[in-house]
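In listed order, ligands and their atoms are each counted from 1. Keep in mind that what you see is a predicted model, and the values were worked out from it rather than measured.
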Amino acid sequence: MSVMRIPGHDHQKPQEVTLAEIQNVLGNCHLCPLWETRHNIVFGVGNPNARVMFVGEGPGKNEDLQGEPFVGAAGHNLDALLGLANLRREDVYIANVVKCRPPSNRNPRPEEIEACSPFLREQIRSVWPDVIVCLGNFAAHFVLRTEAGITSLRGRMHQTGHFAVLPTFHPAAALYHREWQQYLDDDFRMLGDWLASHPASPNKL
Ligand code: URA
């Protein structure tokens, strides 16, 4: 794979780098200390030509054990939310800001995010979605390069270069703050409306 570049300010789909090639470069990554406690690297899963790409924070316990993103309680909520946007899991691509589980589900550290960031950047460039849905603060900060909180960012589409970006609450957060579920539901319905009212970009057809 060639030099990693930052997406967001390009409008042209870059030369194809396949997800398999990116995963191959990631290999048995030792770039940050999270390798010491992980069971599996959680690379990402889904349609490599998806219109919608979801970015979460990092694997939890179940994801670490199974090697797949969003398979635990947060994943069940995500599956239900996808239905509100008329999407199925196999339609979309799902990845995380960090690919290895932070111990005890602590927040990923800046140096861990930095070490892992080329892989997410390349995944975004490879899938080249029409919409990136940021699940929670870490994803929103990564994609939108802002420090603004998710509460002020959510509920509307943003744009960064080619990509429409919808920041919303993390599906796990709504399991603890039940009152946030309504906002998540609203945001996913808005996503469905947006997809229905915007034609797919030519590279998706
Ligand atoms: N939370 C995340 O952010 N990502 C996952 O894959 C699972 C839970």
Qualifying residues under ring pair (Phe, Tyr, Trp, His ring centres under 6.0 Å), relative to His39, sequence neighbours excluded: none
Side chains of Asn40 and Glu68: donor-acceptor distance under 3.5 Å anywhere?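 There is no such pair (donor and acceptor under 3.5 Å, judged by atom type) between the side chains of Asn40 and Glu68.
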Answer with yes or no whether the side chains of Glu114 and Ser117 bring together a donor and an acceptor at under 3.5 Å.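 Side chains of Ser117 and Glu114: no pair found under 3.5 Å.
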Side chains of residues 148-155: which donor-acceptor pairs under 3.5 Å do they make with residues two or more places apart or in other chains?
residue	atom	partner	partner atom	Å
Ser152	OG	Gly149	O	2.9
Arg154	NE	Asp187	OD2	2.9
Arg154	NH2	Asp187	OD1	2.8

Pick out the protein N or O atoms lying less than 3.5 Å from any N or O of ligand 1, and list each pair with its distance.
residue	atom	partner	partner atom	Å
ligand 1	1 (N)	Gly58	O	3.4
ligand 1	1 (N)	His170	NE2	3.2
ligand 1	3 (O)	Glu57	N	2.7
ligand 1	3 (O)	Gly58	N	3.2
ligand 1	3 (O)	Gly58	O	3.3
ligand 1	3 (O)	Asn96	OD1	3.4
ligand 1	3 (O)	His170	NE2	2.8
ligand 1	4 (N)	Gly58	O	3.0
ligand 1	4 (N)	Asn96	OD1	2.8
ligand 1	4 (N)	Asn96	ND2	3.4
ligand 1	6 (O)	Phe70	N	3.0
ligand 1	6 (O)	Asn96	ND2	2.9

Contact list for residues 60-100, test ring pair (Phe, Tyr, Trp, His ring centres under 6.0 Å), sequence neighbours left out: Phe70-His170
Take Ser126 and Gln123 through the side chain to side chain donor-acceptor pair (under 3.5 Å) test and state the conclusion after the steps. CA-CA 5 Å; Ser126 181; Gln123 285 172 296; over 6 Å; no
